[in-house]
Amino acid sequence: LDTTSQLSRFVTFPSPTAMEAFMWYTGTMWAKGELIRNKLHSHAMTLGHTEFFAAAPEDLGLDDPRFSPGSAAGATTDVVKLGFKDHTALTDFIFQNLEQSQRRYQEKCVD
């Protein structure tokens, strides 16, 4: 198991309680098909919410270098250090980027 690889099947991550933290990862499915189940084991006392997307990082605005997860799989970052007021503002940013990406797709790829 390569614990520095985001493609590992099992990764633990810190869940700081003194700040609103953000962590993301990306990967590809090893076979064609539909994802039926995505299992996340967490502890409710330290996890606010999760979002799972069938999208590329650039579709969500996560291709900006400030979002680089660095070399450690499961690294968390303070949302304020990313330039957001709070986690809600970060979530809004991600969904706005997703909406723009969907709109571009509709304009270019759908009759």
Side-chain angles (χ1 to χ4, degrees):
L1 177 67
D2 180 2
T3 59
T4 63
S5 171
Q6 289 189 347
L7 300 177
S8 293
R9 290 178 175 250
F10 179 78
V11 175
T12 60
F13 57 92
S15 203
T17 58
M19 65 179 176
E20 290 190 51
F22 172 71
M23 190 269 294
W24 73 279
Y25 60 92
T26 185
T28 55
M29 292 177 50
W30 55 270
K32 290 183 180 184
E34 240 180 82
L35 180 64
I36 296 172
R37 181 174 184 236
N38 185 12
K39 183 177 180 182
L40 172 71
H41 173 91
S42 64
H43 298 267
M45 293 297 290
T46 58
L47 181 71
H49 75 273
T50 60
E51 305 286 349
F52 297 95
F53 299 95
E58 56 269 19
D59 295 330
L60 306 173
L62 298 176
D63 54 334
D64 185 304
R66 68 183 161 156
F67 293 108
S68 175
S71 61
T76 55
T77 306
D78 184 341
V79 299
V80 173
K81 289 182 180 178
L82 290 173
F84 298 93
K85 177 184 171 193
D86 54 25
H87 199 274
T88 300
L90 172 59
T91 302
D92 290 346
F93 168 83
I94 291 170
F95 276 96
Q96 288 166 2
N97 277 280
L98 179 61
E99 185 177 322
Q100 290 172 1
S101 176
Q102 290 169 330
R103 197 173 310 118
R104 283 192 302 271
Y105 177 84
Q106 290 291 326
E107 291 169 359
K108 292 180 181 181
C109 304
V110 178
D111 294 327

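Quick note: numbers below take in every heavy atom, side chains included, and nothing from hydrogens, waters or symmetry partners.
The minimum heavy-atom distance between T77 and M19, with the atom names listed, is C-CE, 4.4 Å. Of all heavy-atom pairs between V80 and D78, the closest is N-OD1, 2.9 Å. In terms of heavy-atom proximity, F67 sits nearest to W24 at O-NE1, 2.7 Å.
Around OH of Y105, the count of heavy atoms belonging to other residues, nucleotides or ligands within 6.0 Å does not exceed 12.
The CZ atom of F95 lies 9.5 Å from the CD atom of Q102; values are rounded to the nearest 0.5 Å. Note that OG1 of T88 is 7.5 Å distant from NE2 of H49, once rounded to the nearest 0.5 Å.
Residues passing the side-chain hydrogen bond (donor to acceptor under 3.5 Å, both in side chains) test with E51: none are found, sequence neighbours excluded. When the ring-ring contact (aromatic ring centres under 6.0 Å, His included) test is applied to F84, the partners found at least two apart in sequence or on another chain are F93.
For the pair L90/E20, no side-chain contact is recorded, criterion being any heavy-atom separation below 4.5 Å from C-beta on.
Residues R103 and E107 are not paired through a salt bridge, judged by the lack of any N-O separation under 4.0 Å between the basic side chain and the carboxylate.
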Between side-chain atoms of residues 56-66 and protein atoms elsewhere (two or more places apart, or another chain), which donor-acceptor pairs fall under 3.5 Å?
| from | atom 1 | to | atom 2 | distance (Å) |
| --- | --- | --- | --- | --- |
| D59 | OD1 | S101 | OG | 2.9 |
| D59 | OD2 | A56 | N | 3.1 |
| D64 | OD1 | R66 | N | 2.9 |
| R66 | NH1 | L82 | O | 2.5 |

